[in-house]
Amino acid sequence: MSTEAKIDLLQGTLDMLILRTLLFGPGHGHAIAHAIEQGSDEVLQVEHGSLYPALHRLVRQGLISAKDGLSENNRKARFYKLTAKGRKHLTAENSKWDRLTQAIAQIMRPAKES
């Protein structure tokens with residue numbers, strides 16, 4: 001895929017995608033970024049300069065927890081896990097996202113005028 005076709009993520013959107021990714025179980029930063037990129041057919045690009053500040057912010061907010069461990073390559077890694085507060089927040093954000101995307105779709109693809 002060309003670089004022009006990749007889309008940078010806004011902070012709130014990245015936070016929501018991280019929480020959604022962790023809904024399936026704990027993961028380290030690289031795995032989270034890879035899951036988002038792969039889940040979007042490589043359209044969404046997660047830069048480390050955005051990912052790690054987002055992970056730290058979500059830990060500070062209590063939406064995810066962090067624990068040191070070993071990656072599948074036997075390297076030190078920090079694993080992130082969704083908290084109960086994070087699950088609740090994700091549900092609320094998902095509802096807001098649905099309303100936002102519907103509103104934008106109405107503007108971008110209005111019903112044909114009679």
Side-chain angles (χ1 to χ4, degrees):
M1 175 165 293
S2 70
T3 308
E4 299 88 39
K6 295 193 181 210
I7 299 172
D8 290 329
L9 296 174
L10 297 173
Q11 177 178 312
T13 304
L14 177 57
D15 290 0
M16 182 177 59
L17 292 174
I18 290 169
L19 295 176
R20 176 73 173 128
T21 300
L22 293 175
L23 191 58
F24 302 106
H28 56 78
H30 180 73
I32 293 167
H34 184 69
I36 292 169
E37 291 168 0
Q38 191 174 35
S40 70
D41 291 330
E42 307 297 329
V43 172
L44 301 177
Q45 189 67 38
V46 182
E47 300 296 332
H48 290 286
S50 300
L51 176 66
Y52 289 99
L55 289 168
H56 295 149
R57 181 174 53 253
L58 293 169
V59 168
R60 279 194 312 275
Q61 293 171 350
L63 302 177
I64 62 175
S65 60
K67 183 178 179 182
D68 291 333
L70 294 176
S71 71
E72 50 281 343
N73 301 354
N74 238 8
R75 292 185 172 176
K76 286 184 182 180
R78 178 157 287 169
F79 286 81
Y80 299 92
K81 181 179 177 183
L82 192 61
T83 63
K85 181 179 177 183
R87 284 182 194 279
K88 186 175 180 181
H89 183 77
L90 178 59
T91 299
E93 288 301 305
N94 197 40
S95 178
K96 288 193 313 193
W97 177 258
D98 287 343
R99 290 194 315 271
L100 174 64
T101 57
Q102 288 172 356
I104 292 171
Q106 285 177 315
I107 294 167
M108 296 303 291
R109 293 184 214 65
K112 293 183 179 177
E113 294 180 20
S114 305

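Just so we're clear, the structure is a prediction, and the values are computed from it rather than from any experiment.
Relative ring orientation between H56 and Y52 is described as tilted, the plane-to-plane angle lying within the 30° to 60° band. Ring-plane geometry between H28 and F79 is classed as perpendicular, the angle between the planes exceeding 60 degrees on a 0 to 90 degree scale with a lower cut at 30.
No donor-acceptor pair closer than 3.5 Å links the side chain of K96 to the backbone N or O of T91. Between the side chain of E37 and the backbone N or O of V43 there is no donor-acceptor pair closer than 3.5 Å.
Residues L23 and L90 come closest through the heavy atom pair CD2-CD2, 4.1 Å. Counting all heavy atoms, side chain and backbone alike, G29 lies closest to L51 at O-CD2, 3.2 Å.
Cluster membership for L100 and L19, using ILVMFWY side-chain heavy atoms within less than 4.5 angstrom, is shared. In the hydrophobic clustering of ILVMFWY residues, with side-chain heavy atoms under 4.5 Å counting as a link, L44 and I104 come out together. Hydrophobic cluster membership differs between V46 and F24, with clusters built from Ile, Leu, Val, Met, Phe, Trp and Tyr side chains linked at under 4.5 angstrom.
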Check the pair L22, K81 against side-chain contact (heavy atoms from CB on, under 4.5 Å), reporting the backbone distance first and the verdict last.
CA-CA 6 Å; L22 293 175; K81 181 179 177 183; over 6 Å; no
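The CD atom of E72 sits 10.5 Å away from the CG atom of L70 when rounded to the nearest 0.5 Å. Interatomic distance, CZ of R99 versus CG of N94, reported as 10.5 Å (0.5 Å rounding). The CD atom of E42 sits 6.5 Å away from the OG atom of S40 when rounded to the nearest 0.5 Å. Q106 contributes atom CD, which lies 10.0 Å from atom OG1 of T101 (distance to the nearest 0.5 angstrom). Summarising the geometry, atom CZ belonging to R78 is positioned 14.0 Å from atom OG belonging to S71; distances are rounded to the nearest 0.5 Å. Interatomic distance, H48 NE2 to H30 NE2, rounded to the nearest 0.5 Å: 6.5 Å.
The shortest side-chain heavy-atom distance between I36 and I18 falls under the 4.5 Å cut-off.
Of the listed residues (I32, D15, L58), just one forms a side-chain contact (heavy atoms from CB on, under 4.5 Å) with I64, and that residue is L58.
A salt bridge is absent between K76 and D68: the closest approach of a Lys/Arg side-chain nitrogen to an acidic carboxylate oxygen does not fall below 4.0 angstrom.
For the residue pair T83/R87, the side-chain donor-acceptor check at 3.5 Å is not satisfied.
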